2 protein chains.
Amino acid sequence: MTGKLFIVGTGPGNPAQMTPETREAISAATEFFGYGPYLDRLDLRADQHRIASDNREELDRAQAALVRAAAGADVCVVSGGDPGIFAMAAAVCEAIDNGPAEWRKVDLVITPGVTAMLAVAARIGAPLGHDFCAMSLSDNLKPWEVITKRLRLAAEAGLVIALYNPISKTRPWQLGEAFAILRQVLPPHVPVIFGRAAGRPDERITVMPLGEADANRADMATCVIIGSPETRIVPRDGKPDLVYTPRSFTGESL
Amino acid sequence: MTGKLFIVGTGPGNPAQMTPETREAISAATEFFGYGPYLDRLDLRADQHRIASDNREELDRAQAALVRAAAGADVCVVSGGDPGIFAMAAAVCEAIDNGPAEWRKVDLVITPGVTAMLAVAARIGAPLGHDFCAMSLSDNLKPWEVITKRLRLAAEAGLVIALYNPISKTRPWQLGEAFAILRQVLPPHVPVIFGRAAGRPDERITVMPLGEADANRADMATCVIIGSPETRIVPRDGKPDLVYTPRSFTGESL
């Protein structure tokens, strides 16, 4: 008999931002597969087992979870944020697509979550209030040329750009290069938001104009949001600036 | 003394997908501004007052809420999904930007939520598992030419496209026209997901190839997700197909 495979998103890390649906899915499973720091966010019972793996072993982890679910275990694959955004849901679907027939019989339950860019946006105003895109800046899984082409087209389209995976120890230069490319298309006043660990105790959210944006402000826990030419800053005495992108657009800057 | 202004996202409509943080914000406020059907999702106490307005009066609603918060009331502005995605957070920021100085003194608390595209994606696999964009198809607040330009550029960039506000009584032809434009750029096999009321009792999620996509399948409660050339369908005996966009991309189709 086949078990269930839950794929859950914990949200950005603040327990108050995890949905009851996700909490219930976690309660129903007994084996947990995920990146160690995401598993650390769960408050597991003694009968619930952790199988932690490294951040970059997504496909192996998906396959291991499917093996156990196909064998009858109730398994939970854990992502931070939302499992469908640069996370485990795609890895599990990929594994099913290319795996043995019995994996297609596993009951999949995917619970959505608050993804990082939404948590960052909520802390600073409404930078994603108009059309936007979300891209992973990692060139581990796609060529750098594809990324640069997409950055240019997104900026030409006037989309706000949310960058996931902006930087890591093995990818130190890509974010600086991305800023340089965007400076060729966008005006220097465009606000860039470095949204680190939004909603968590170590949260740090800073804003600087694209013309001065410094890639060293980002780390692996940062989601970077680059405004469009329409994105505005509202200064407030004694409170952080608000950053928002107006709902309406005349089309003049395109 | 200034009151608090909460801007909350209820999530897609399933109470189990509303975060505890949002629930707490709702509990702390006494006056609720929002589109009637979103206010209907809340379980308000006798001392909590509803001020419902029409879906299209966002700026008026934001201003009315700010007047009350500046006067000392604890006010909650309610969006479906996430308040930062084509919703009330931008309208409130706009009102503050252009309003009297005292509105900048109001304490703003924005709580993120599960936005429609995440809920739809979770019900069908991982269509947003690679780079994507989110656009409002409404031409009430931007020229139609801007929308068509963005659709073309997004498709050329190989982004999956999530369309909010795909259709309404006063905007009956735009979605069909958007499909026609995308057919000029994308292959006909690209899956189109019509995700209606994801997670709610009246949920209806259907998939068809772009070549046959019928705009009549969408209504105001639908989020439409158009795949990229890489997006794949995994058939499963006795279970709905999975639709996902692989995490990796060789760049060959660009």
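First the proteins, then the strands, lettered A, B, ... as listed; each starts at 1. The figures that follow rest on heavy atoms only: side chains count, while hydrogens, waters and symmetry mates do not. Since the model is a prediction, treat every value here as computed from it, not as a measurement.
- For B:A162, no part lies near chain A; criterion is any non-hydrogen pair under 4.5 Å.
- At a threshold of 4.0 Å, the pair A:D97-B:R232 counts as salt-bridged, since one of the basic side-chain nitrogens sits closer than that to a carboxylate oxygen.
- Put simply, of B:G199, B:A89, B:P246, B:A122, the one with the most heavy-atom pairs under 4.5 Å next to chain A is B:A122.
- Heavy atoms of A:M88 lying under 4.5 Å from chain B are absent altogether.
- Interface remark: B:I161 contributes no atoms to any contact with chain A (heavy atom separation under 4.5 Å).
- Interatomic distance, CG of A:L59 versus OG of B:S248, reported as 9.0 Å (0.5 Å rounding).
- Residue B:P112 comes nearest to A:A119 through the heavy atom pair CG-CA, 4.1 Å, listed as atom of the first residue, atom of the second, then distance.
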Q) Given A:D107 and B:K239, is the side chain to side chain contact (heavy atoms under 4.5 Å, CB included) satisfied, shown in steps? A) CA-CA 9 Å; A:D107 269 333; B:K239 289 187 198 300; 2.7 Å; yes
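- With contacts defined as side-chain heavy-atom distances shorter than 4.5 Å, the pair B:V146/A:F249 qualifies.
- Highest contact tally toward chain A, considering only B:P83, B:A91, B:A87, is held by B:A91 [criterion: heavy-atom pairs under 4.5 Å].
- Closest approach of B:C93 to A:L242, counting heavy atoms only: SG-CD1, 4.2 Å.
- Panel note: side chain A:E94, backbone B:R247; a donor-acceptor pair is recorded below 3.5 Å.
- Residue B:V120: no heavy atom, backbone or side chain, is found under 4.5 Å from chain A.
- Side-chain atoms of B:I110 and A:R123, non-hydrogen and from C-beta on, never get closer than 4.5 Å to each other.
- The OG1 atom of B:T111 sits 11.0 Å away from atom CG of A:L118, with the distance rounded to the nearest 0.5 Å.
- Neither the backbone nor the side chain of A:A154 has a heavy atom closer than 4.5 Å to any heavy atom of chain B.
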Q) Given the rule in the side chain to side chain contact (heavy atoms under 4.5 Å, CB included) test, do A:I85 and B:F132 qualify, once you have shown the distances and angles that lead to the verdict? A) CA-CA 9 Å; A:I85 307 296; B:F132 66 95; 3.6 Å; yes
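- Other residues, nucleotides and ligands place no more than 12 heavy atoms under 6.0 Å from the CG atom of A:D43.
- Considering NZ of B:K105 and CG of A:D237, their distance stands at 8.0 Å, rounded to 0.5 Å.
- Around the CD atom of A:E24, the shell of radius 6.0 Å holds no more than 12 heavy atoms that belong to other residues, nucleotides or ligands.
- Counting heavy-atom pairs closer than 4.5 Å to chain B, the top-ranked of the candidates A:G84, A:A121, A:A134 is A:A134.
- Contact record, A:P20 with B:A16: CD-O, 3.2 Å, taken as the closest heavy-atom pair.
- Taking NE2 from B:H130 and CZ from A:F86, the interatomic distance works out to 7.5 Å, rounded to the nearest 0.5 Å.
- Using modelled atom types, one side-chain atom of B:R104 and one backbone atom of A:P235 make a donor-acceptor pair closer than 3.5 Å.
- Using a distance-only test at 3.5 Å, with no hydrogens or angles considered, no donor-acceptor pair links the side chain of B:Q17 to the main chain of A:T19.
- Contact annotation for B:M18: only backbone heavy atoms (N, CA, C, O) come within less than 4.5 Å of a heavy atom of chain A.
- Chain B forms more heavy-atom pairs under 4.5 Å with one residue of A:E21, A:R152, A:R23 than with any other, namely A:E21.
- Taking a 6.0 Å sphere around CZ of A:R196, one finds it holds more than 12 heavy atoms contributed by other residues, nucleotides or ligands.
- For the pair A:K142 and B:T250, the minimum side-chain heavy-atom distance is 4.5 Å or more.
- One N or O on the side chain of A:D131 and one on the backbone of B:S136 form a donor-acceptor pair closer than 3.5 Å.
- Note: B:I124 CD1 to A:L108 CG = 12.0 Å, rounded to the nearest 0.5 Å.
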